[in-house]
Amino acid sequence: MTDTAPGATETRDNGERDYSKTLFLPRTDFPMRAGLPQREPEWLKRWEDMDLYKLLREQSRDREKFTLHDGPPYANGNIHIGHALNKTMKDLVSRSMQMLGYNSAYVPGWDCHGLPIEWKIEEQYRAKGKNKDEVPINEFRAECRTFAEHWVDVQREEFKRLGVMGDWDNPYLTMSFDAEATIASELMKVAMSGQLYRGSKPVMWSVVERTALAEAEIEYHEHESDAIWVKFPVASQAWSDEAPEERLLGASVVIWTTTPWTIPGNRAVSFSSRIAYGLYEVTGAENDFGPQPGEKLIFADKLADESAAKAKLTFNRLGDVTFAELSAMTLHHPLSGLAGGYDFLVPLLDGDHVTDDAGTGFVHTAPSHGADDFEIWMAKGREIAAKGIDTTIPFTVDDAGYYTKDAPGFGPDAEGGAARVIDDKGKKGDANQRVITALIASNTLFARGRLKHQYPHSWRSKKPVIFRNTPQWFVYMDKPLGSDTDTLRTRALSAIDATKFVPPAGKTRLRSMIADRPDWVLSRQRAWGVPITVFVNTDTGEILKNEAVNARIHDAFLKEGADAWYAEDAKARFLGADVPDHAAWHKVTDILDVWFDSGSTHAFVLRNSEKWPDLKFPASMYLEGSDQHRGWFHSSLLESCATNGHAPYESVLTHGFTMDKNGFKMSKSLGNTIAPQDIIKKFGADILRLWTATIDYAEDHRIGDEILANTVEMYRKMRNSFRWLLGNLAHYEPEEAVAHADMPELEQLILHRLAVLDGEVRAGYRAYDYKRVVNTIANFMNLELSAFYFDIRKDALYCDPISSVRRKAALTVLDHLYSCLTAWLAPVLVFTMEEIWLERNPGETSSVHARTFPELPANWRNDALAEKWAQIRAVRRVVTGALEIERRNKVIGASLEAAPVVEIADPELLAALEGHDMADICITSQIDVRRAEALASEGFTLADVPGVAVTFARAEGERCARSWKVLPEVGSDPDYPDLTVRDADAMRERAAAGLDAGGDA
RNA sequence: GGGCACGUAGCUCAGGUGGUUAGAGCACACGCCUGAUAAGCGUGAGGUCGGUAGUUCGAGUCUACCCGUGCCCA
């Protein structure tokens, strides 16, 4: 075969000459496979080298600030999937707000004080046989500090690896000196304003860790308790005219408890006016110990039978015991007379917390050992005192779990020494047994047993805790501050109303917690934290309020950290000459609840404009998991309301928790945990980020192999579309750009779609609705670009002559697509978009992340055009459907083999097609669109596209060796007998441009 | 036990104020292309919307209860 056509160098197997080298085929080195796990660290290094974060700050310093304030993770251990989700979410918010045009600085932080770290150091001590109490406290604190520093470094690297951008070189730490100084000052502000008080309260106490625990530090686990039923004999004394009736004398009220060791602390028995009580006489006893026939006992009627069964008794009901009788009654303590103690009267108190669901209908009340007990005792204080009963709450158990002298018969003076409730290992001591023995001896034990139930345990040691009366520091929730209606609680509630919650349910949740919560217990009897920097008068208990002293404390902490409080000369140094009588003041050694630390971050981060000038107070947003309604959202709100009178945030965003693939919570014991490190190693951080952006974070959500595979697939599709974009744009010269008005309608349609998407993407990012953003973009790329626009325009892009406006217009559109899509996806696929951006925009300081979302010309939006093209696409669907049948029947393979006849009955539809090359749009070689009054009955139709019928016909003519179109005109050009007219022109232009010189023509 | 949520195809998500045959993408099956090629295109099957009972002419969308899951609390 003679080769007259320049440029066509090879011959194909089918005899056609190979023109592929004369086409503008996609040309790129951008790899189809991303290799993210290997390559991501390179981009991280690049950003670090160019100091991208600082670059952004400088570039956006004049913009409006958007401050997402980081809630500090605890500096202890590697990050898990929850951390990864949380930090990635924050990064999505921060980056998208930056690209929306704000100065969105992000300063990460860490929570460094607290029990878990202290616990780790103690564990190390124990392993070495070292005793914590023998180590100077500041030495111990230094070890805690070093430990926290280590994990800050570890987590910092793990967070950076996720692609999270922030001020990593300059994060905040709750243990930095300036933080410790500010936290102490915040506490002193609270003290100075009269909101701090010292109270005595039963708190959850861990004997093992020797500390009071907050509710947040308590877990409930199955525990077997000793249950006892105890008789309280009716006392003969009465304080009113309504003396007990004769029939009640000698009777006993029976209580039930699962904590026998609290009996020495008993001071009352609670009952309820809503419950019916009766007097019962024992008629038969199976055992020869315990209650015997003739004994009279009082029970809630509903629970009498059940209780009788416990003691293996039979009862006879003698009659009602009325509310008036019970109210007028006093009881003897069951251990009355033991070791000369317990000779006080025990009142009966009407309490709401009493039910007849379980027990006896009477509730043992030990004000030093239970919240309800404490509250009713306090509430009825006046009534109790009026009966001549001492209202003092005893301290019956010390911090090591031993009874004190307030528990006669069991304290240090008792035979065999003090009994113990719980030992150092968290095991049950001898207290219960000794109390039970004493009850038996005094014939006041009704029955005993064991009970398995949920019991509070320490979150760290997993050992049971006890309720124990201790002196603690509190913040008032309801004390009027200024006006009667201005309390910390009312301030916090109105601050919640002024805050935007995403999703809105968060508002209800936080509100109900604030509305119900008791006073805030601030004190911990531990070492690793910020001390409660107050002095208390040894006589009056009043708190020293001296600004000069406070200032000295603040300054010292700033220079030396909170260790200064524990230095030997601290008291003299801080009181100084401003306080004359140093001996009259006691230096408090308790430390602050860590929630106060993290609740104060707004004070030492957002208001530290010297260190972080790009942040603002209050923050634009706090963003954490939904558990933080009880945690950081809560403590920050209270702390700021106490010191500033308003919330530290304008909005609060919460996310749910990550479950396993079946929707169950992840736990090490179930073995269903998924580590973010593993996902990164296997797929890359961009996949983890894409997963984060596609889930409905407001709810709990799942992760697993199949879900990640879906994410990977989504990524792959988008990546390949970008690859094709890049390949085509290799042939684009910006100076060839075609103006919007000069573009074909198809190009204008795509620009219209970009304009619409621009609105959706911005709205989605503003609403923090990332799944909407990503799904919208991915659908656009798959359905409108890959399957429609790209498919149609391949012919023009590959084959059209150099001069073709159609081709240049398409390239211009590809350039716009590239510009928009890389920006829109940059907050999510931080690595991949940078990779794609650098392909065309290399440079030392070039980064897609330094961009803002492109501003698109308003005239791109053209709804009328879109409507028209919806009709065109409907016709296209009918054509595609018709071809599919022929393809099934093996009549054709490629659609270019077809030349269908399209009959249109609807004149409006026909008008829509006017002026468009439907063959191009349908990717056929030829097409015959014609008006038809009645549609051919054998034509292919679609039910939802009325008035259109398509009849298949094979394309007539030869196949063009260059464009593969089948047209009758092929062969008409003497120079290029194997090409269409368009392709022959293209070849001539190439020859004129000297493009194909060097071919073997 | 209490408070707050959630439960739409195997998976991830759409489905304003209740209204015709519940929508996408991925996965799956089948087919086409071989000039996006460890890619691209098309077709198909697959959900009675956790369950039950109500309100209504009509409920995925409202009410009650139940089941399941989660967070917080006790």
Side-chain angles (χ1 to χ4, degrees), chain A residues 18-28 30 32-33 215-216 218 220 353 355 357-358 371-372 454-456 503 505-513 515-517 625-631 634 654-665 690-691 693-696 698-717 719-728 769 771-772 774-776 778-779 781-783 786-788 790-791 794-795 797-799 877 880-881 883-890 892-897 923 943-944 962-964:
Chain A
D18 183 0
Y19 284 89
S20 63
K21 291 200 172 60
T22 75
L23 300 171
F24 292 112
L25 292 178
R27 194 178 68 213
T28 179
F30 183 78
M32 196 179 291
R33 302 187 59 134
E215 293 119 67
I218 295 294
Y220 286 78
H353 64 289
T355 68
D357 293 340
D372 288 335
Q454 295 296 106
Y455 188 86
K507 180 171 276 190
T508 335
R509 190 161 171 184
L510 187 55
R511 185 167 237 295
S512 65
M513 283 177 184
D516 293 342
R517 69 156 298 146
S626 60
D627 58 333
Q628 295 303 321
H629 287 104
R630 175 63 59 176
H634 192 116
T654 51
H655 56 78
F657 279 69
T658 306
M659 304 297 133
D660 75 359
K661 61 179 177 178
N662 296 314
F664 294 102
K665 69 191 290 184
L690 185 58
W691 168 80
T694 50
I695 57 166
D696 183 359
E699 296 170 24
D700 292 342
H701 43 265
R702 305 172 181 200
I703 196 164
D705 290 343
E706 189 181 3
I707 294 164
L708 284 169
N710 274 337
T711 311
V712 169
E713 177 62 19
M714 186 179 195
Y715 174 88
R716 202 186 55 77
K717 289 275 282 189
R719 184 179 178 90
N720 268 312
S721 291
F722 276 112
R723 180 167 184 266
W724 188 82
L725 266 182
L726 288 170
N728 283 283
D769 190 350
K771 61 180 162 54
R772 180 174 143 205
V774 172
N775 283 328
T776 301
N779 273 339
M781 293 182 75
N782 291 334
L783 301 177
S786 196
F788 179 68
F790 291 173
D791 219 21
K794 277 177 197 170
D795 175 68
L797 284 165
Y798 297 174
C799 306
R877 277 184 18 241
T880 311
L883 297 190
E884 187 58 27
I885 292 172
E886 304 307 320
R887 190 173 280 137
R888 288 266 160 198
N889 296 336
K890 307 288 180 194
I892 57 165
S895 56
L896 283 176
E897 294 169 42
I923 319 182
D944 60 333
R962 189 164 179 273
S963 66
W964 300 344

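Residue numbers begin at 1 in each chain, while the letters A, B, ... track the order of the sequences. The figures here come from the full heavy-atom set of this structure, side chains too, leaving out hydrogens, waters and symmetry mates. Bear in mind that the values here come from a model prediction, so they are computed numbers and not experimental data.
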Residue A:R887, side-chain atoms from C-beta onward, closest of B:C41, B:G7, B:C32
B:C32
List the protein contact pattern of nucleotides 66-71 of chain B with one symbol per nucleotide (5' to 3'): B for base contact, S for sugar-phosphate-only contact, - for none; contact means a heavy-atom distance under 4.0 Å.
---SSB
Any side-chain N or O of A:Y798 below 4.0 angstrom from OP1/OP2 of B:A36?
yes
Residue pair A:T658 / A:H701, side-chain donor-acceptor N/O under 3.5 Å:
yes
For B:G31, take OP1 and OP2 only and decide whether either is under 4.0 Å from a side-chain N or O of A:K890.
no
Write down the distance between CZ (A:R630) and P (B:C4), rounded to a whole number of angstrom.
14 Å
Measure from CZ on A:R772 to C1' on B:G16 and round the result to the nearest Å.
13 Å
Measuring from the side chain of A:K794 (C-beta onward, heavy atoms only), which nucleotide among B:C41, B:C26, B:G40 has the closest atom?
B:G40
Is any side-chain N or O of A:R716 closer than 4.0 Å to OP1 or OP2 of B:A39?
yes
Closest to the side chain of A:I707, out of B:C13, B:C33, B:C11, is B:C11
With rounding to whole Å, what would you report as the distance between B:U8 and B:A59 at their C1' atoms?
14 Å
Please set out all donor-acceptor pairs under 3.5 angstrom arising from side-chain atoms of residues 703-712 of chain A, sequence neighbours excluded.
residue	atom	partner	partner atom	Å
A:T711	OG1	A:I707	O	2.8

Quiz item: A:W964 side-chain donor-acceptor pair to B:G35 base, under 3.5 Å
yes
For atom NZ of A:K665, decide whether the heavy atoms of other residues, nucleotides or ligands shown that lie under 6.0 angstrom number more than 12.
no
What is the distance, rounded to the nearest whole Å, between atom NZ of A:K661 and atom P of B:U12?
12 Å
Counting runs of three or more consecutive pairs, Watson-Crick or G-U wobble, with each distance below 3.5 Å, where are the stems of RNA chain B?
B:1-7 with B:67-73, B:10-13 with B:23-26, B:28-32 with B:40-44, B:50-54 with B:62-66
